*Asks:* 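Dumping the structure here so I can ask a few things about it.
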Amino acid sequence: SGACALQVTTHNNKLESHREQQMSMKLVSTFTGLVVSVLMSTTLLAAGPAATIEQLDWMTGNWAGQLGPNQLEENWIATEGSSIAAMVRMTGGDATSMFEMITIEEVDGSLVLHIQQWDPGFSPRTEGPQKMELEEISDNSVKFRAVSPGGMATLGYSHPDAETFIIHVGRPDGNVLDIPLKKRSIW
């Protein structure tokens, strides 16, 4: 009877040890799954669609068009070093009313746009640039959505033909202003 009690106790201890191992494995598995889920969702939320800067080669060039009584001119330099940039100028009545700098860079496998405007005399219109993340991209269009405060909710560009470049300015009220520009040579 003492041997039988010892066998039962040993068997119970083995069962208890086995249960503890199973509980530990379940906790580790659950915790690992939770960590992986959080990391994946953070990564997916932090970055826009996958894209490379070379997909924006079609933006390169000098584009100009009327915006009310003014002329808007965008000069996009070629993609290089994982970035593309534009210098923008608005003129009218023999004066310049605005300068704008736009940069688009590859960040974490997607694209990020920064934009800032200045009045004549290099007086900034805002404290700092507005940041936008890629929302969608195709062969001849791109659209960014604002992730920091500024005057635009979205900003997009399209290139429907070799001579046309359209800026799509998404306003905070949901309306979109399309600004068509035409190709021109500065040389």
Side-chain angles (χ1 to χ4, degrees), residues 27-65 72-90 98-118 124-183 186:
L27 283 172
V28 168
S29 176
T30 300
F31 181 73
T32 302
L34 181 62
V35 168
V36 168
S37 293
V38 167
L39 288 175
M40 286 179 65
S41 67
T42 302
T43 301
L44 293 175
L45 292 175
T52 65
I53 204 67
E54 288 78 17
Q55 289 176 264
L56 301 181
D57 282 340
W58 55 267
M59 296 176 76
T60 301
N62 179 266
W63 310 95
L72 185 68
E73 172 188 16
E74 294 210 358
N75 297 287
W76 286 89
I77 58 174
T79 60
E80 188 174 332
S82 298
S83 70
I84 188 171
M87 184 67 209
V88 181
R89 175 174 58 183
M90 189 174 335
M98 185 268 300
F99 295 100
E100 180 178 78
M101 180 70 185
I102 305 168
T103 62
I104 302 173
E105 300 170 277
E106 277 186 41
V107 177
D108 296 331
S110 191
L111 302 175
V112 174
L113 179 146
H114 289 93
I115 183 169
Q116 187 166 5
Q117 297 178 344
W118 291 267
R125 291 184 169 188
T126 59
E127 287 185 31
Q130 184 174 16
K131 180 181 178 181
M132 299 183 154
E133 292 180 349
L134 183 64
E135 185 171 278
E136 58 190 56
I137 189 166
S138 70
D139 289 342
N140 65 348
S141 69
V142 64
K143 181 179 180 184
F144 295 87
R145 65 178 156 66
V147 294
S148 70
M152 295 175 277
T154 61
L155 180 59
Y157 301 93
S158 62
H159 189 39
D161 61 62
E163 299 298 315
T164 308
F165 185 86
I166 304 171
I167 306 166
H168 309 280
V169 180
R171 298 178 180 174
D173 64 7
N175 290 321
V176 176
L177 171 64
D178 291 332
I179 307 168
L181 306 177
K182 291 295 181 185
K183 185 177 191 113
I186 57 174

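Since the model is a prediction, treat every value here as computed from it, not as a measurement.
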*Asks:* Begin from the C-alpha positions of Ile137 and Leu56 and carry the test side-chain contact (heavy atoms from CB on, under 4.5 Å) through to its verdict.
*Replies:* CA-CA 9 Å; Ile137 189 166; Leu56 301 181; 3.9 Å; yes
*Asks:* Just how far is it from atom OG1 of Thr154 to atom CZ of Arg171, taken to the nearest 0.5 Å?
*Replies:*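 Result: 11.0 Å between the selected atoms.
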*Asks:* Using 0.5 Å steps for rounding, measure from the CD1 atom of Ile84 to the OG1 atom of Thr60.
*Replies:*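 Nearest 0.5 Å value for the CD1-OG1 distance: 4.0 Å.
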*Asks:* With a 3.5 Å distance limit and no angle check, can you tell me whether Ser148 reaches the backbone of Lys131 through a side-chain donor-acceptor pair?
*Replies:*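 Yes, because the side chain of Ser148 sits within donor-acceptor range (under 3.5 Å) of the backbone of Lys131.
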*Asks:* Please find the pair of heavy atoms, one from Gln116 and one from Pro124, that lie closest to each other, and give the distance.
*Replies:*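 Heavy atoms of Gln116 and Pro124 come nearest at NE2-CB, 3.8 Å.
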*Asks:* In Å, rounded to the nearest 0.5 Å, how long is the span from CD of Glu135 to CG of Leu155?
*Replies:*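 If we round to the nearest 0.5 Å, Glu135:CD and Leu155:CG are 11.5 Å apart.
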*Asks:* Report the C-alpha separation of Trp76 and Tyr157 in whole Å, then their side-chain angles, then the decisive distance to 0.1 Å, and conclude whether the ring pair (Phe, Tyr, Trp, His ring centres under 6.0 Å) test is met.
*Replies:* CA-CA 12 Å; Trp76 286 89; Tyr157 301 93; 5.4 Å; yes
*Asks:* Any idea which heavy atoms bring Val176 and Gly170 closest together, and the distance?
*Replies:*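 Looking at all heavy atoms of both residues, the closest pair is CG2-CA, 4.2 Å.
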*Asks:* To the nearest 0.5 Å, what is the distance between CD on Glu136 and OG on Ser141?
*Replies:*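 One finds 6.5 Å between CD of Glu136 and OG of Ser141.
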*Asks:* Check the surroundings of atom CG in Asp139: do more than 12 heavy atoms from other residues, nucleotides or ligands lie under 6.0 Å from it?
*Replies:*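 Atom CG in Asp139 is not packed in, count stays at 12 or less.
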*Asks:* Are a donor atom and an acceptor atom from the side chains of Thr164 and Lys183 found within less than 3.5 Å of each other?
*Replies:*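 Judged by distance alone, the side chains do not pair up.
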*Asks:* Passes side-chain contact (heavy atoms from CB on, under 4.5 Å), Leu111 versus Leu113? Steps please.
*Replies:* CA-CA 7 Å; Leu111 302 175; Leu113 179 146; over 6 Å; no
*Asks:* Please confirm whether the backbone N or O of Ile166 pairs with a side-chain atom of His159, one donor and one acceptor, at under 3.5 Å?
*Replies:*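 Between the backbone of Ile166 and the side chain of His159 there is no qualifying donor-acceptor contact (under 3.5 Å).
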*Asks:* What verdict does the side-chain contact (heavy atoms from CB on, under 4.5 Å) test give for Met59 and Glu74, after you've listed the backbone C-alpha separation in whole Å, the side-chain angles of each residue and the deciding distance to 0.1 Å?
*Replies:* CA-CA 10 Å; Met59 296 176 76; Glu74 294 210 358; over 6 Å; no
*Asks:* Does any part of the side chain of Val142, heavy atoms only, come nearer than 4.5 Å to the side chain of Trp58, both counted from C-beta?
*Replies:*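 The answer is yes, as the side chains (C-beta and beyond) meet within the 4.5 Å cut-off.
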*Asks:* For Leu134 and Ala51, work out which heavy atoms get closest and say how close.
*Replies:*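 Minimum heavy-atom separation between Leu134 and Ala51: CD2-CB, 3.6 Å.
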*Asks:* Do you know the tightest heavy-atom contact between Pro172 and Gly151?
*Replies:*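 Looks like CD-O, 3.6 Å.
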*Asks:* Is a side-chain N or O of Glu100 found less than 3.5 angstrom from the main chain of Ile115, in a donor-acceptor match?
*Replies:*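 Not a single qualifying donor-acceptor pair exists.
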*Asks:* Does Glu133 use its side chain to pair, donor to acceptor, with the backbone of Val147 at less than 3.5 Å?
*Replies:*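 The answer is no, because no donor-acceptor pair under 3.5 Å joins these two groups.
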*Asks:* What is the distance from atom CE of Met132 to atom CE of Met152, rounded to the nearest 0.5 Å?
*Replies:*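 Rounded to the nearest 0.5 Å, the CE-CE separation comes out at 4.5 Å.
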*Asks:* Using the side-chain contact (heavy atoms from CB on, under 4.5 Å) rule, take Glu54 and Glu106 through it: C-alpha gap first, then chi angles, then the decisive distance, then the call.
*Replies:* CA-CA 10 Å; Glu54 288 78 17; Glu106 277 186 41; 3.7 Å; yes
*Asks:* Can you check whether Pro49's main-chain N or O pairs, donor with acceptor, with Ser110's side chain at less than 3.5 Å?
*Replies:*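 Confirmed, Ser110 side chain pairs with Pro49 backbone.
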*Asks:* CD1 of Ile167 to CG of Leu181: how many Å apart, nearest 0.5 Å?
*Replies:*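 Spacing of CD1 (Ile167) from CG (Leu181) equals 4.5 Å.
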*Asks:* Determine whether a donor-acceptor pair (N or O, by modelled atom type, separation under 3.5 Å) exists between the side chain of Gln55 and the backbone of Ser138.
*Replies:*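 Not at all, since once roles are kept as given, no pair shorter than 3.5 Å links the two residues.
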*Asks:* Before accepting this row, confirm whether a basic side-chain N of the pair Arg89/Glu73 lies closer than 4.0 Å to the acidic partner's carboxylate O.
*Replies:*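 Counted as a salt bridge, because a side-chain N and a carboxylate O are separated by less than 4.0 Å.
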*Asks:* Shortest non-hydrogen contact from Val88 to Leu72?
*Replies:*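 For Val88 and Leu72, the tightest heavy-atom pair comes out as CG1-CD1, 3.6 Å.
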